Colleague: 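Below you'll find the structure I mean.
Order of the sequence lines sets the chain letters (A, B, ...), proteins ahead of strands, with each chain counted from 1. Keep in mind the model is a prediction, meaning the values are calculated, not measured.
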2 protein chains.
Amino acid sequence: MPRLSEEEVVERSSGDEGKRIGRREARKRATYAALVTVAHRRFHEDGFDATTLDDICAEVGISRRTFFRYFKSKEDLVFPNRAERLERFVQVLTDAPADENPFDTLRRATRQFGPEYMAHRAQLVAQQALIARTPSLRAREAEIDRDWEAVMARAIMARTGTERAAAVRARVIAGACIGVIRATMRHWFTTGGVEDLTQMGEDALDCLERGFALE
Amino acid sequence: MPRLSEEEVVERSSGDEGKRIGRREARKRATYAALVTVAHRRFHEDGFDATTLDDICAEVGISRRTFFRYFKSKEDLVFPNRAERLERFVQVLTDAPADENPFDTLRRATRQFGPEYMAHRAQLVAQQALIARTPSLRAREAEIDRDWEAVMARAIMARTGTERAAAVRARVIAGACIGVIRATMRHWFTTGGVEDLTQMGEDALDCLERGFALE
DNA sequence: CTCGAAGTGCCACCGAGTGACATTTCCTGT
DNA sequence: ACAGGAAATGTCACTCGGTGGCACTTCGAG
């Protein structure tokens with residue numbers, strides 16, 4: 001018996017460029033989406049810690065054992081597209097011209113991601129409120145920041161080389177960038193996402209590049 | 001029966017300015033110290049996750065329930081003096097003259113903490129290796145960084161005011177500072193702690209203040 | 001239509017962490 | 001010195017996230 005409304009299965013072996021989605025794959029995606037949807041609702045209603053995996057699994061209609069074949073941990077429910085977002089960021093970095101300085105590259109990233117965030121501001125603000133009040137989610141977010149910092153440092157080194165001085169400089173720049181970006185986003189979130197995130201991001205990068213010393 | 005070699009109890013009501021340590025307090029401190037010592041040894045021998053709280057408690061001679069009256073979590077065993085270190089940092093911040101700029105304040109902090117770190121370099125490098133390979137410890141470390149960033153932002157705001165622009169700037173500067181400090185320390189750790197940490201810290205702060213743009 | 005594999009459920013288990021309550025241990029006031 | 005009481009500890013039972021093993025169902029390919 002189907003646990004959820006089964007969606008139409010794309011006719012198999014029909015279109016040449018069709019996705020060739022069978023029942024199995026469709027069911028998996030439906031389960032994945034249901035997990036994310038149900039979890040987000042209950043997290044926001046009852047809180048992250050107060051919501052049990054058994055609760056979520058019962059509502060979705062799967063066993064807890066099966067849940068862990070979709071997500072490696074409870075926290076991962078809150079950051080579903082983590083890998084994709086990182087991948088897009090890496091793309092921005094690798095697509096950058098070889099002579100572009102790191103701050104300009106990040107400005108381009110800001111102009112790409114900023115508007116997207118502002119478009120989903122309500123959802124993101126709520127999401128961030130949940131993260132901010134849940135220690136284990138803050139920890140997960142920090143881990144994500146570390147990933148971004150690492151790929152950024154690697155990207156800089158790809159241009160400046162990996163000798164001692166250059167490596168230190170690359171890591172320090174990456175740390176500073178992630179630091180100001182995270183601080184900017186936290187401020188944007190806590191003020192309800194009403195300000196211009198793109199502008200704030202570019203301002204922060206300006207400060208980094210030109211120094212905070214200007215009077 | 002004593003669980004561990006009981007140390008000499010300071011004669012009660014002896015010296016006027018004696019610490020007035022009774023058996024109870026002495027025993028508590030001995031237990032606390034034993035927990036830290038035993039835990040660190042086993043963490044480094046067997047790894048953090050492979051070491052069970054039951055293992056540690058058995059060796060120290062207490063129940064697991066009692067352990068949680070000394071530490072709020074297993075991770076806290078690795079950061080025993082977290083509160084004290086933060087407190088000292090706050091002191092550096094609050095002791096700063098009202099007209100000192102944030103970077104000079106941090107330079108003073110660097111000159112205070114840097115040499116201490118270099119004095120214990122072997123221990124700290126081993127410690128950091130453990131943290132680096134243990135996700136839950138990395139998470140805890142990130143949380144500590146957040147604390148430092150928060151007190152720094154607050155300290156800056158105490159001087160610049162809390163109006164929108166000043167608040168953003170304070171948070172961004174704090175984020176950048178923690179970012180470069182963390183990056184610097186990670187580099188110092190991964191290179192075995194042989195370089196001059198104080199110098200590297202001051203260099204990083206110079207970059208922040210004057211900007212990374214200099215050719 | 002059949003065979004194999006992917007997906008799932010069930011069960012037992014582990015380890016971290018908590019609440020309740022009894023028991024021991026030490027400090028303090030007389 | 002001794003009694004009363006508070007602090008510290010132990011015991012037990014429990015919750016919840018997470019994992020390993022194995023049987024079973026379901027789907028897809030030939």
Side-chain angles (χ1 to χ4, degrees), chain A residues 1-4 6-7 9-14 18-32 34-35 39 42-43 46-58 60-78 134-137 139-140, chain B residues 1-4 6-7 9-14 18-32 34-35 39 42-43 46-58 60-78 134-137 139-140:
Chain A
M1 74 191 84
R3 305 154 307 184
L4 288 166
E6 197 93 13
E7 29 245 60
V9 173
V10 173
E11 185 58 39
R12 312 200 59 247
S13 70
S14 61
K19 290 297 178 55
R20 296 299 202 82
I21 293 289
R23 287 182 176 80
R24 203 161 248 168
E25 188 65 20
R27 196 178 175 85
K28 272 173 60 179
R29 296 190 189 184
T31 301
Y32 183 93
L35 279 172
R42 305 205 61 153
F43 288 164
D46 308 333
F48 182 81
D49 294 321
T51 306
T52 231
L53 283 185
D54 284 329
D55 293 341
I56 299 170
C57 291
V60 174
I62 64 173
S63 71
R64 200 168 76 251
R65 193 67 189 81
T66 295
F67 167 84
F68 284 104
R69 293 177 180 122
Y70 282 87
F71 295 90
K72 278 191 306 190
S73 75
K74 186 183 180 186
E75 284 77 21
D76 286 353
L77 277 169
V78 181
T134 311
S136 62
L137 293 180
R140 207 42 81 94
Chain B
M1 74 193 88
R3 304 153 307 183
L4 288 166
E6 198 92 11
E7 30 245 62
V9 172
V10 173
E11 185 59 38
R12 311 203 58 247
S13 68
S14 62
K19 290 298 177 56
R20 297 298 202 81
I21 294 286
R23 287 182 176 81
R24 200 164 251 165
E25 189 65 21
R27 196 178 174 83
K28 270 173 61 178
R29 294 189 191 184
T31 301
Y32 183 94
L35 279 171
R42 306 206 59 154
F43 288 165
D46 309 332
F48 183 82
D49 294 321
T51 306
T52 240
L53 283 185
D54 283 328
D55 294 341
I56 299 171
C57 291
V60 173
I62 63 172
S63 71
R64 202 168 75 250
R65 194 65 186 86
T66 296
F67 167 84
F68 284 105
R69 293 181 180 117
Y70 282 86
F71 294 90
K72 278 190 307 186
S73 75
K74 186 183 180 185
E75 285 76 21
D76 286 353
L77 278 169
V78 182
T134 311
S136 63
L137 293 180
R140 206 42 81 95

Colleague: Please identify each residue that fulfils side chain to side chain contact (heavy atoms under 4.5 Å, CB included) with A/Phe71, with sequence neighbours left out.
Modeller: A/Tyr32, A/Leu35, A/Val36, A/Phe67, A/Asp76, A/Leu77
Colleague: I need the NZ-P distance between A/Lys74 and D/dC16, as an integer number of Å.
Modeller: 9 Å
Colleague: A/Phe67 has an atom CZ; how far is it from atom C1' of C/dT8, in whole Å?
Modeller: 15 Å
Colleague: Could you pick out which residue, B/Ser63 or A/Thr52, lies toward the 5' side of DNA chain D when each is mapped onto its nearest nucleotide?
Modeller: B/Ser63
Colleague: Set out, line by line, the N/O atom pairs under 3.5 Å between protein and nucleotides 2-5 of chain C.
Modeller:
none

Colleague: How long is the span from the CD1 atom in B/Ile62 to the CZ atom in B/Arg69, to the nearest 0.5 Å?
Modeller: 10.0 Å
Colleague: Keeping A/Thr51 on the side-chain end and A/Arg42 on the backbone end, is there a donor-acceptor pair under 3.5 Å?
Modeller: yes
Colleague: For A/Asp55 and D/dC16, what is the distance between atoms CG and P respectively, to the nearest whole Å?
Modeller: 8 Å
Colleague: What's A/Thr51 touching, base or sugar-phosphate or nothing? Going by heavy atoms closer than 4.0 Å.
Modeller: sugar-phosphate
Colleague: How many whole angstroms separate atom CZ of B/Arg23 from atom P of C/dT25?
Modeller: 13 Å
Colleague: Just to confirm, is there a sub-4.0 Å distance from OP1 or OP2 of D/dA8 to any side-chain nitrogen or oxygen of B/Tyr70?
Modeller: no
Colleague: Quick one: on DNA chain D, does B/Arg69 or A/Leu53 contact a more 5' nucleotide (nearest heavy atom)?
Modeller: B/Arg69
Colleague: When rounded to the nearest 0.5 angstrom, what is the spacing between CG in B/Asp46 and OG1 in B/Thr52?
Modeller: 10.5 Å
Colleague: Please confirm whether the backbone N or O of A/Thr66 pairs with a side-chain atom of A/Ser63, one donor and one acceptor, at under 3.5 Å?
Modeller: yes
Colleague: Whole angstrom is fine here: how far is it from NZ in B/Lys72 over to C1' in C/dG17?
Modeller: 13 Å
Colleague: Within this structure, what is the CG-to-P distance between B/Asp49 and C/dA16, rounded to whole angstrom?
Modeller: 9 Å
Colleague: Are B/Ser73 and B/Arg140 close enough that some pair of their side-chain heavy atoms sits under 4.5 Å apart?
Modeller: yes
Colleague: What integer distance in Å separates B/Arg64:CZ from D/dC12:P?
Modeller: 13 Å
Colleague: For the side chain of B/Phe68, starting at C-beta, report the closest nucleotide among C/dT8, C/dT18, D/dG10.
Modeller: C/dT18
Colleague: Let's test your reading of the model: under 3.5 Å, does the base of C/dG19 pair with the side chain of B/Arg65 as donor and acceptor?
Modeller: yes
Colleague: Grab the CG-C1' distance between A/Asp54 and C/dG9 for me, whole Å please.
Modeller: 14 Å
Colleague: Test of understanding: with side chain to side chain contact (heavy atoms under 4.5 Å, CB included), list the residues that count as partners of A/Arg24, not counting sequence neighbours.
Modeller: none
